Amino acid sequence: MMDLVYGLLLFLLVLNLLLGLVRVFRGPELVDSMMASLLLGTGGTALLLAFFKITKEAYYINLALGFALLAGVVGVAFAIIILGKSKDGI
Amino acid sequence: MAFEILSIAFMFIGAIFLLAGSIGLIRLKDTYSRLHALTKADVLGFGFIVLSCILSTDLLSHWIKLLLVWLLAISYSALVGYALANRKKRYA
Amino acid sequence: MLDLALGLMLFVSALLSLHSKDTMKSGVFFIIFGFLSGLIWVRLEAPDVALVEIILGSAITGLLIFKLVKGSKQKDLKAFTFTRLWAGFISFLILIFMLFHLTTIERQDRIASLVFENLHKSGVDSAVNAVLLNFRGYDTLLEVGVITLAIFGLLSLGLKREAYYWDNPLLKGFSRLLLPFIVFFSLYITYLGTFSVGGAFQGGALLAGGLVIFALAGQALPLKASIIYIFMMAGLGVFSLIGLLYALLGYGFLTYPLELSTISIMIIELSIWISTAFLLYTAYRGKL
Amino acid sequence: MIWFYYILAILLVIISLYHFIVARNYVKRLIALNILGSGVFLFFITTAKNTNTESPDPVPHALVLTGIVVAVSATAIAVSLILHLNKEEE
């Protein structure tokens, strides 16, 4: 019973990633592709937290923390480096 | 037991909100509305998932770390969404 | 099922990142590839590798590749037909070789049992870190040497890099709030290395990510160049000094006595933490 | 499941090797090199899982950890060299 419930849960979370990545891979513009950092920052972290809930291993929370942090760093860096002009700002 | 059932229910609600965000990402027409779908729905769904994990453990250190994950995820979601939209409008 | 879906996503992202015409897109797909392979390594019960892959292999490499893609304006030329044929032939040969090799792989006990038997002698409870810092300390020493040399080689090119930043009050405030938290969290990850998933390289690279966010907001660290040099050399210096100390005391190079092993490993991890952070930060900036 | 990961690792190695030889753009060549490395790491980790013991073998994990760090430092110096090359050509 529990296996079935958790299997369904993991299926939903992976389906979320799959559907999002369809747009990311097709995305007509560059920004659409980089929305992957937002998608992975929430979806991937959610997957790791679901693993934590199923196995009760504490290290999944640390992994989730690192995942959320670095997906954000990469997203901000993309917005500033790729979308900006060099030496812009001050 | 009641907590366990509540926790699994929260997890499912969160997963469905995340899924809604992804469907919005596929179906909406232009970049700004896609950004909107992703940042709104995903943050709500992620909140539910963190809540469900908080209900399923009873260690204080886990609670603190889960709250930090939640804070980080929502603040980065807002920041990245803002930065992408702002920069795209200005330069692209 | 889960493995199948993750593997499919990984393969598609690798394929697109290699095939796409636009180098910016291939950089973005490479980052997605990195994060997805982190998830796959969680599935393969290798959480240490997953942490390293997410932090170093995906995020830090991604930042470097963003800078490269923005700075490089080389056109994408079509390859010669001869090259294509040759490349196809070579790849096909390797495919045949590896498929042939697959049939000979057996399911067997490897040296894992040896590690678990001797784990109590290492002073560390985490098997991966015991191998990394105690049983195969030479490897890690040379690894620290490689990364230090690479960054000093990069500095010696003397290239004047463009700095990219965004002068935005929101980002500035956020990065200032984030920095103390990241310092604390990366120290925590480094400390976790002695008994669970974590380690010095992961913690250091995490701190480097935080410093990069700090720099992207247009702020400079209030540190002198000489202090940054000292931080960068700390890992290699402390590691080899401790190794030499034990060699002079008669234990052998990098062979820790049992009662002192935990404290020595902690000191080494701390020094690797600070030096990795500043080395990777310098690698991102391309200058001091 | 083990065999699926072996096949995936081999496919990654093959396609990235092909593109590493074919690509004339240095950026794509660098990315192909990184993906080649990831394929080899995947092979190692799968072999570590392929044991009779309960938990996977930690020695390949430590080797892969070292490998990733070395790959990142190689990427850092390659990025610097390619940027330098672009400056020379201008």
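Naming convention: chains lettered A, B, ... in sequence-line order (proteins, then strands); numbering from 1 in each chain. Predicted model, so just to flag it, every value in this text is computed and none were measured.
Closest non-hydrogen pair, C:Asp3 versus D:Phe4, comes out as O-CE2, 3.4 Å. The two atoms that bring D:Asn86 and C:Gly71 nearest to each other are ND2-O, 4.3 Å, heavy atoms only. Across all non-hydrogen atoms, the minimal contact from D:Ile45 to C:Ala46 is CG2-CB, 4.1 Å. For the residue pair C:Val146 and D:Ser73, the shortest heavy atom distance occurs at CG1-OG, 3.9 Å. When all heavy atoms of C:Ser17 and D:Lys28 are compared, the closest pair comes out as O-CE, 4.4 Å. Summarising the geometry of D:Ile77 relative to C:Ala150, their closest heavy-atom pair is CD1-O, 3.6 Å, with the distance given to 0.1 Å.
Of the two parts of D:His84, the backbone and the side chain both hold a non-hydrogen atom closer than 4.5 Å to a non-hydrogen atom of chain C. Proximity to chain D is limited to the side chain of C:Leu280, based on heavy atoms less than 4.5 angstrom apart. The contact between D:Ala76 and chain C is made by backbone and side chain atoms together, counting heavy-atom distances below 4.5 Å. Using a 4.5 Å cut-off between heavy atoms, C:Ser26 touches chain D through backbone and side chain atoms alike. Heavy atoms of D:Val64 lying under 4.5 Å from chain C belong exclusively to its side chain. For D:Tyr26, the parts lying under 4.5 angstrom from a heavy atom of chain C are both the backbone and the side chain. Heavy atoms of D:Leu81 lying under 4.5 Å from chain C belong to its backbone as well as its side chain. In this structure, the portions of D:Phe41 lying under 4.5 Å from any heavy atom of chain C include both its backbone and its side chain.
With respect to chain D, the highest number of heavy-atom pairs below 4.5 Å among C:Thr83, C:Leu142, C:Val49, C:Ile90 belongs to C:Val49. Comparing D:Thr75, D:Ile82, D:Val59 by heavy-atom pairs within less than 4.5 Å of chain C, the highest count is held by D:Val59. By number of non-hydrogen pairs under 4.5 angstrom with chain C, the leading residue of D:Asn34, D:Val70, D:Thr46 is D:Asn34. Heavy-atom pairs under 4.5 Å with chain C peak, among D:Ile2, D:Val13, D:Leu42, at D:Leu42. Per-residue heavy-atom pair counts under 4.5 Å with chain D were compared for C:Leu102, C:Ile60, C:Leu15, and the maximum is reached by C:Leu102. Note: C:Trp41 leads C:Trp86, C:Phe201, C:Trp41, C:Phe29 in heavy-atom pairs under 4.5 Å with chain D. In terms of heavy-atom pairs under 4.5 angstrom with chain C, the leader among D:Leu65, D:Leu83, D:Leu8, D:Leu17 is D:Leu83.
For the atom pair CD1 (D:Ile7) and CE (C:Met98), the distance works out to 10.0 Å, reported to the nearest 0.5 Å. In this structure, D:Leu30 CG and C:Phe30 CZ are separated by 8.0 Å, a value rounded to the nearest 0.5 Å.
Within a 6.0 Å sphere centred on OH of C:Tyr284, heavy atoms belonging to other residues, nucleotides or ligands number more than 12.
Checking D:Val72, D:Thr66, D:Ile68 one by one against C:Val52, the side chain to side chain contact (heavy atoms under 4.5 Å, CB included) holds for a single residue, D:Ile68.
Within the 4.5 Å cutoff, the side chain of C:Thr23 has no heavy atoms near those of the D:Ile31 side chain. Inter-residue side-chain proximity for D:Tyr5 and C:Ile40 is flagged as met; some heavy-atom pair is nearer than 4.5 Å. In this structure, the side chains of C:Asp48 and D:His61 stay at 4.5 Å or more apart for every pair of heavy atoms.
Side chain of C:Lys67 to main chain of D:Ser80: no donor-acceptor pair is present (N/O by atom type, distance under 3.5 Å, no hydrogens or angles).
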Residue pair C:Phe33, D:Leu12: steps toward the side chain to side chain contact (heavy atoms under 4.5 Å, CB included) verdict
CA-CA 11 Å; C:Phe33 173 84; D:Leu12 283 180; 4.1 Å; yes

